[in-house]
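All remarks here apply to the structure that follows.
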Amino acid sequence: MTTNKRIYLSSPHMSGHEQKFVKEAFDQNWVAPLGPNVNAFEETLAAYCGANHAAALSAGTAALHLALIMLGIQAGDEVLVSTFTFSASVNPIVYQGATPVFVDSENQTWNMDPVLLEKALKERKENGGTMPKAIIVVHLYGMPANMDRIMEIADRYHVPVVEDAAEALGSSFNGKKLGSFGAMSILSFNGNKIITTSGGGALLSNRQEWIDKARFLATQARDPAPHYQHSQIGYNYRMSNVLAGIGRGQMEVIEQRVAKRREIFQYYKQNLKDVSGISFLEEPDERYFSNRWLTTVLIDESKLGISPQKLQEELEKVNIETRPLWKPMHLQPVFEHYPKYLNGVSEKLFECGLCLPSGSNMSDSQLAKVLLALTACFGM
Ligand SMILES: *Cc1c(COP(=O)(O)O)cnc(C)c1O
């Protein structure tokens, strides 16, 4: 019997080990935003990503907010950030009263274009001399940005890099895990990410003082005193020990999750490679290793005979979820007035792209069903 269960873009995929750690939290009554699961999850994350320290937090957005605070970003400062991203990469800049300056993508990775980054830094230096205080580089859909070029340029201009690796846990560049390049990096464990704690995030860094400070700020900035004393504004950004238990169970299978997502990418590619008008984002060379969080395709309507919008509608009719690529931040009503360095790449990606169902819990028959639905739309 055929069932018509909805096929999602990326849904939570439990390993079966999560409840053991969650039960421990209950048994020990560590039902609080601190405890053994939080400590162990932090250690696992730091070791896995090759960073010296990690702080588990309530969200990736909270991690990015704390990273900007640690770098001293305040009202009037500028922060360079990829325009082709999810709004959470940019919101914390505005929380601080600072100004996002958007940098467009390169074709090879869809991530921050090093040429435009250099242009932005050069121009900002020449006009007035107040340099951007940070560069937020996003590794979108798991694909690494060109970290050789970006780190070289950032170092030359002495601007710290924050990696937004929310979508890129398990990806690497030059054999080094993403999240270990920047002065600080952030991860997300939202429900649709490669691993999840239902909601959560982490801040990574090699500098212990930053991670200690992040934990301090994330627990309302309580000064060491017998009473409650505060000399700074704090936040309530720590991760619950219950949710960190889910994270521990998820980290036990991270390599399987990455392998499965990469298999899904290969499946779509192998089966659609001869279709004219559909193309995949390749790893540009052997330095790039993507976790393939989502398989994304670009559609040439003139060759394929169907637009990405129509394709999304048709798949929706058979209960298959797809999604356009991220709408660039410089086109968002809330951000469109900010400065930007553009080359047309992200706008073209937004117009032509589509994300396909890529969850690591998809069955072979679900994958086959998506493929069949796609080829039916192409008149095959
Ligand atoms: C998911 C995501 C975030 C934010 O993570 P939350 O945990 O949802 O706050 C930030 N940046 C990118 C690129 C993301 O995809």
Side-chain angles (χ1 to χ4, degrees), residues 8-12 33 41-42 45 49 54-69 79-95 100 102-105 109-112 134-145 161-171 178-179 181-182 184-204 214 218 235-240 243-244 246-247 250 261 281 290-296 323-330 332 334-335 346 349-350 353 355 358-359:
Y8 292 98
L9 208 58
S10 177
S11 67
F41 187 44
E42 288 177 341
L45 288 171
C49 294
L57 301 166
S58 55
T61 311
L64 195 53
H65 189 197
L66 291 180
L68 297 181
I69 293 169
V79 176
L80 296 172
V81 60
S82 310
T83 189
F84 191 49
T85 187
F86 174 50
S87 64
S89 307
V90 183
N91 285 332
I93 303 171
V94 182
Y95 298 165
F102 297 116
V103 181
D104 215 329
S105 299
T109 64
W110 300 1
N111 291 314
M112 186 181 277
I135 302 165
I136 300 173
V137 178
V138 187
H139 307 292
L140 220 54
Y141 303 116
M143 182 62 74
V161 169
V162 178
E163 285 180 83
D164 178 344
E167 302 178 1
L169 181 65
S171 300
L178 299 185
F181 289 85
M184 279 176 273
S185 304
I186 73 108
L187 299 170
S188 168
F189 313 113
N190 206 333
N192 60 357
K193 298 286 165 38
I194 192 154
I195 67 159
T196 185
T197 58
S198 71
L203 180 70
L204 308 177
Y235 303 86
N236 184 2
Y237 279 172
R238 276 299 249 166
M239 179 180 278
S240 156
L243 302 189
I246 303 176
Q250 291 271 285
R261 300 240 179 194
L281 177 63
S290 170
N291 70 5
R292 295 292 184 190
W293 172 56
L294 294 182
T295 293
T296 52
R323 195 200 277 159
L325 302 187
W326 297 120
K327 180 172 179 172
M329 292 302 116
H330 70 270
Q332 300 288 354
V334 71
F335 297 132
S346 63
L349 293 171
F350 174 56
C355 302
S358 309

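Remember, it's 1-based here, ligands and their atoms both numbered in the order they're listed.
Atom numbering of ligand 1 starts at 1 in the shown order; those under 4.0 Å from a heavy atom of Gly60 are 5 (O), 6 (P), 7 (O), 9 (O). Short contacts between ligand 1 and Gly200, defined as distances under 4.0 Å to a heavy atom of the residue, involve ligand atoms 7 (O). Within ligand 1, the atoms closer than 4.0 Å to a non-hydrogen atom of Thr85 are 13 (C), numbered from 1 in the order shown. Close approach of ligand 1 to Ser89 (heavy-atom distance below 4.0 Å) involves ligand atoms 11 (N), 13 (C).
In terms of protein heavy atoms, atom 15 (O) of ligand 1 is closest to Glu167 OE2, 2.6 Å. Atom 4 (C) of ligand 1 has Ala88 CB, 3.5 Å as its closest protein atom, hydrogens excluded (heavy atom only). Nearest protein heavy-atom neighbour of atom 2 (C) of ligand 1: Lys193 NZ, 2.8 Å.
Heavy atoms of Val138 found under 4.0 angstrom from ligand 1 belong exclusively to the side chain. Heavy atoms of Ala166 found under 4.0 angstrom from ligand 1 belong exclusively to the side chain.
Counting only non-hydrogen atoms, the option in Asn192, Leu140, Asp164 that gets closest to atom 12 (C) of ligand 1 is Asp164.
Under the 4.5 Å side-chain criterion, counting only non-hydrogen atoms from C-beta, Met184 is not in contact with Leu204. Two residues are said to be in side-chain contact when any heavy atoms from C-beta on lie closer than 4.5 Å; Val137 and Asn111 fail this criterion.
Close N/O approach between Thr61 and ligand 1 is found [any backbone or side-chain N/O within under 3.5 Å]. Looking at Asn190 next to ligand 1, an N or O pair under 3.5 Å apart turns up. Below 3.5 Å of separation, one finds no N or O of Phe189 facing any N or O of ligand 1.
For the pair Gly201 and ligand 1, no heavy-atom separation below 4.0 Å is found.
Aromatic pair Tyr95/Tyr235: ring centres not closer than 6.0 Å.
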